[in-house]
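Each chain gets a letter, A, B and so on, in the order the sequences are listed, and its residues count up from 1.
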Protein chains: 2
Amino acid sequence: MELIKNANELNEDAALDFYEKMFSALADKIRLKIINEISQSPNMNLCVCDLEEKLELQQSKLSYHLKKLVDANILIPEKHGTWNYYRINEEQIQVVLSKDTCCKIF
Amino acid sequence: MELIKNANELNEDAALDFYEKMFSALADKIRLKIINEISQSPNMNLCVCDLEEKLELQQSKLSYHLKKLVDANILIPEKHGTWNYYRINEEQIQVVLSKDTCCKIF
DNA sequence: ATTATTAATCAACTTTTTTTGATACATAAA
DNA sequence: TTTATGTATCAAAAAAAGTTGATTAATAAT
């Protein structure tokens with residue numbers, strides 16, 4: 001998945017693919033909550049177990065949604081020992097969404 | 001469906017509903033193409049039969065997708081005699097999406 | 001009035017997405 | 001090395017979204 005800032009270089013079909021994937025990833029309450037929780041966390045990242053507790057979701061469900069966000073290049077995974085942390089790819093998201101929307105989601 | 005510019009007044013649950021609906025409406029290639037076609041049309045509006053021809057889609061399928069966009073307040077329907085025209089609610093879409101993204105989609 | 005055109009809606013069907021519980025795998029601790 | 005912890009992945013089930021063809025309703029033309 002390419003960075004959005006290169007979207008101008010994409011042909012029309014690729015642009016459609018890109019935006020469809022991006023919007024699909026954002027089109028879900030659980031995933032919007034994940035983004036929101038991470039953005040409000042002290043270090044701007046959370047591990048699966050943190051999110052599991054904060055959002056009261058079972059682990060496999062969380063993994064499913066995290067994968068969607070990673071596939072859309074909205075979240076970036078970081079392995080710290082046993083823990084898998086996720087942080088927001090702000091560059092990616094800020095070019096698609098307006099400031100207003102970012103403020104509301106983040 | 002409220003206008004996005006009132007989004008700051010929404011409580012968190014309502015905001016989640018709002019963005020989920022908005023992103024869901026945009027998360028589909030056919031619907032992105034509809035928005036694109038309308039924005040490129042001379043009068044900034046098209047009727048169902050125009051879109052049917054331009055996008056080579058059957059009428060009931062088109063109606064289904066147009067309804068999604070109207071429900072999300074992204075398109076505004078206008079009846080002109082027998083024809084149903086649709087135009088983009090730019091206010092709504094521009095507050096959610098960045099300029100870059102609007103340019104690419106429109 | 002009858003016929004033709006434009007477009008929404010409906011029900012049945014297909015496809016995609018999401019959920020669930022189980023399993024597997026890696027790292028860390030005992 | 002055994003055990004515990006954190007997390008990804010898988011297959012089956014459930015739910016949601018999209019497609020299709022037919023029907024309906026409204027307006028316009030004959």
Might you list the N or O atoms of the protein lying below 3.5 Å from N or O atoms in nucleotides 12-18 of chain D, with each pair's distance?
| from | atom 1 | to | atom 2 | distance (Å) |
| --- | --- | --- | --- | --- |
| D/dG18 | OP1 | B/R31 | NH2 | 3.3 |
| D/dG18 | OP2 | B/Y64 | OH | 2.8 |
| D/dG18 | OP2 | B/K68 | NZ | 3.2 |

**Member of B/L51, B/I88, B/I74 meeting the side-chain contact (heavy atoms from CB on, under 4.5 Å) criterion with B/I34** = B/L51
**Item:** Separation of C/dG21 P from A/L57 CG (nearest whole Å)
**Value:** 13 Å
**Prompt:** D/dT7, C/dT9, D/dT9: which one has an atom nearest the side-chain heavy atoms of A/K67?
**Reply:** D/dT9
**Request:** Kindly say if A/Y86 contacts the phosphate of D/dT7, meaning a side-chain N or O under 4.0 Å from OP1 or OP2.
**Result:** no
**Request:** Drop me the distance from B/Y85's OH to B/L46's CG, to the nearest 0.5 angstrom.
**Result:** 8.0 Å
**Request:** Return the value, rounded to whole Å, for the distance between atom CG of A/L66 and atom P of C/dT18.
**Result:** 13 Å
**Prompt:** Taking the side chain of A/N84 as its heavy atoms from C-beta onward, which of D/dA8, D/dT20, C/dT9 lies nearest to it?
**Reply:** D/dA8
Taking only nitrogen or oxygen atoms into account, show me every contact under 3.5 Å that the protein makes with nucleotides 24-30 of chain D, one pair per line with its distance.
none

**Prompt:** Which nucleotide in the list C/dT20, D/dA22, C/dA7 gets nearest to the side chain of A/Q58?
**Reply:** C/dT20
**Asked** To the nearest Å, how far apart are B/E53 CD and C/dT5 C1'?
**Response** 15 Å
**Euclidean distance, B/L69 CG relative to B/L26 CG, rounded to 0.5 Å** = 7.5 Å
**Message:** What's the separation between atom CD1 in A/I93 and atom OG in B/S98, rounded to the nearest 0.5 Å?
**Reply:** 11.0 Å
**Prompt:** With sugar-phosphate meaning primed atoms plus P, OP1 and OP2, does B/E52 contact a base, only sugar-phosphate, or nothing at under 4.0 Å between heavy atoms?
**Reply:** nothing
**Prompt:** Taking A/N11 for the side chain and A/D13 for the main chain, is one N or O donor matched with an acceptor at less than 3.5 Å?
**Reply:** yes
**B/K67/B/D71 salt bridge by N-O under 4.0 Å criterion** = yes
**Item:** Contact summary for B/I105 and B/S39, nearest pair of heavy atoms
**Value:** O-OG, 4.4 Å
**Complete:** Taken to the nearest whole Å, CG/B/L62 to C1'/D/dT20 is 14 Å
**Message:** Tell me the interatomic distance from B/L75, atom CG, to C/dA8, atom P, rounded to whole angstroms.
**Reply:** 12 Å
**Asked** Does any N or O in the side chain of A/T101 come within less than 3.5 Å of the main-chain N or O of B/V95, such that one atom is a donor and the other an acceptor?
**Response** yes
**Request:** Ignoring backbone atoms, test whether A/Q59 places a side-chain nitrogen or oxygen under 4.0 Å from the OP1 or OP2 oxygen of D/dT7.
**Result:** no
**Item:** A/K68/A/D28 salt bridge by N-O under 4.0 Å criterion
**Value:** no
